[in-house]
Number of protein chains: 2
Amino acid sequence: MSSKDQTGEAAYKVLARELREAILQRRYVDGTRLPTEAELAAEHRVSRQTVRRAFHDLVAEGMVYRVPGRGTFAAPRDGQYLRQFGSIEDLMGLSLDTQLEVLRPLRRRVDVDAASRLRLDSDAVHTVVFRRTHDGEAFCHTAVHLHPAAAAVLADVPELTEKGAVSDATIIGLLDTRLSNPIAEAEQSITAAAAEKPLADALGCTIGDPLLRVDRIYLTTDQHPVELAINHFLPEQYSYRVKLRRSTH
Amino acid sequence: MSSKDQTGEAAYKVLARELREAILQRRYVDGTRLPTEAELAAEHRVSRQTVRRAFHDLVAEGMVYRVPGRGTFAAPRDGQYLRQFGSIEDLMGLSLDTQLEVLRPLRRRVDVDAASRLRLDSDAVHTVVFRRTHDGEAFCHTAVHLHPAAAAVLADVPELTEKGAVSDATIIGLLDTRLSNPIAEAEQSITAAAAEKPLADALGCTIGDPLLRVDRIYLTTDQHPVELAINHFLPEQYSYRVKLRRSTH
DNA sequence: CGTTATTTGTGCGTATGTATT
DNA sequence: AAATACATACGCACAAATAAC
């Protein structure tokens with residue numbers, strides 16, 4: 001029995017998630033050592049190799065660092081340091097003092113590229129286009145492409161289905177409360193792009209102006225992509241900051 | 001012997017680097033499948049587990065993706081030079097497959113803005129300007145401003161002091177071995193900017209083209225800023241990727 | 001439609017080396 | 001010097017997904 005797991009969730013992934021949660025909840029702060037491989041193996045009734053795979057993933061994520069002969073430690077991530085992953089809460093907090101204005105209401109559309117990035121079988125996605133303003137000043141243009149299941153739970157939200165509607169919502173905020181599985185992580189890619197006409201019109205800049213393009217794919221806890229957001233920011237009003245740190249100490 | 005490696009370089013890391021190089025050199029493009037685990041194990045005279053660990057790292061880096069029952073494939077990167085810069089090690093590893101070409105050699109210059117960002121008392125910094133190429137193709141223009149103490153230890157490095165010099169160095173790699181305190185972290189800020197003439201000339205693009213601008217300030221273990229790097233990337237050939245994770249719920 | 005071969009995924013066991021305390 | 005703890009490597013068995021027949 002201990003040798004297999006029919007549920008499909010790998011033992012090392014379960015263990016990795018458990019340790020990740022514990023670290024995020026600030027157990028093992030200061031220099032506290034995490035349990036040794038042998039201890040965790042005994043506690044969880046798995047082999048030491050399974051514990052090692054879990055730790056290997058956590059090291060790759062930057063959650064912990066390991067020192068031969070001493071042990072495993074949570075990577076410092078408050079105060080001076082920040083871990084390599086930003087948090088989704090930061091993104092949700094975006095709505096605090098900004099407004100969303102719908103440019104093209106939520107509707108089913110054909111978009112091969114977006115569909116493939118959401119790993120859909122069909123070519124149709126549900127799309128809503130809006131801009132975000134702060135103090136009446138537009139600073140971000142966003143096209144959100146949704147998985148059909150995600151679009152279904154947002155179909156009756158007037159803030160997204162009526163052109164010109166203004167609200168202080170965020171899509172992930174709306175999705176998070178309505179989906180059965182909450183959103184757990186996002187893959188983000190950042191690049192630069194020139195403003196095309198619709199973007200320039202929406203943002204009040206000139207065609208060809210450089211914009212910061214931020215694509216995010218949001219994944220639920222079971223790793224299913226539900227939302228692809230393509231954002232274009234005015235660089236004068238937005239920059240993306242992170243801290244990098246050395247993985248070994 | 002097959003069971004140990006006194007040189008200190010782990011077999012799976014050697015294999016991972018070899019495969020990484022091959023992928024960056026565009027072998028395995030389109031949908032070509034990489035060799036199977038069994039094939040690589042036989043070729044390199046290692047066990048299948050060792051091959052698996054090499055692939056595990058490459059998957060974490062986003063270099064390849066794997067499909068059970070089908071095989072391992074190079075991650076599609078539409079002509080982009082793609083690497084994860086989530087840690088300082090990643091930046092040091094940049095030298096593995098890119099070259100540095102000096103445009104303006106290291107020299108003392110007056111730059112009020114750079115000096116203040118390095119928290120210097122005077123207005124003078126030491127600056128070197130170069131571009132970075134991959135496969136003979138320029139993809140990044142960089143101006144590095146150094147703290148006088150950092151510049152002092154690099155004053156006799158011909159790769160930085162001679163115009164037109166080409167090397168595979170990285171500034172932080174050079175600094176790290178020469179400074180008494182190693183580099184521990186970096187603050188990074190990302191935005192977009194239009195290409196000005198010298199940038200367009202160096203990168204072979206048109207004036208006004210959108211570029212991804214990445215500023216990094218490197219700090220030593222005692223929190224002293226020693227280097228300010230201002231990078232401009234061609235967006236077609238570079239994008240910045242991170243994963244975001246929800247902290248807790 | 002099922003069967004089979006291929007290929008990756010997971011788990012466990014063991015042995016040995018290296019770094020730290 | 002000894003004990004502890006992580007690092008690397010090899011081996012085996014079986015599960016699950018895919019593709020070809």
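Letters go in sequence order (proteins before strands), and every chain restarts at 1.
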Whole angstroms only, please: what is the NE2-P distance between His56(B) and dT8(D)? 14 Å
What does the list of N/O pairs under 3.5 Å between the protein and nucleotides 5-9 of chain C look like, with a distance for each?
residue, atom, partner, partner atom, Å
dT7(C), OP1, Arg33(B), NH1, 3.4
dT7(C), O2, Gly69(B), N, 3.2
dT8(C), OP1, Thr72(B), OG1, 3.4
dT8(C), OP2, Glu37(B), N, 3.0
dG9(C), OP2, Arg52(B), NH1, 3.3
dG9(C), OP2, Arg66(B), NH1, 2.8
dG9(C), N7, Arg48(B), NH2, 2.9
dG9(C), O6, Arg48(B), NH1, 3.3

Does a distance-only test, which skips hydrogens and angles, find a donor-acceptor pair under 3.5 Å between the side chain of Gln49(A) and the base of dT8(D)? no
Output the rounded distance in Å from CG (Leu15(B)) to P (dC10(D)). 11 Å
I'd like to check Thr98(B) versus Thr170(B) (side-chain heavy atoms, cut-off strictly below 4.5 Å). Are they in contact? no
Between dA9(D) (P) and Asp57(B) (CG): distance, integer Å: 11 Å
Do Leu212(A) and Leu212(B) have side-chain heavy atoms sitting under 4.5 Å apart? yes
When rounded to the nearest 0.5 Å, the distance separating NE2 of His44(A) from CD of Glu39(A) is 11.0 Å
In this structure, which stretches of DNA chain D are paired as stems of three or more consecutive Watson-Crick or G-U pairs, both distances less than 3.5 Å? C:2-21 with D:2-21
Keeping Asp176(A) on the side-chain end and Ile183(A) on the backbone end, is there a donor-acceptor pair under 3.5 Å? yes
Pairs touching residues 62-73 of chain B that satisfy side-chain hydrogen bond (donor to acceptor under 3.5 Å, both in side chains), sequence neighbours left out: Glu37(B)-Arg66(B), Arg66(B)-Thr72(B)
When you compare the side chain of Val226(A) with that of Asn181(A), does any pair of heavy atoms fall below 4.5 Å? no
With a 4.5 Å cut-off on side-chain heavy atoms, are Leu34(B) and Leu40(B) touching? no
Would you indicate, yes or no, if dC12(C) has its OP1 or OP2 atom less than 4.0 angstrom from a side-chain nitrogen or oxygen of Thr50(A)? yes
With side chains defined as the heavy atoms from C-beta onward, is the minimum distance between Val125(A) and Leu228(A) less than 4.5 Å? no
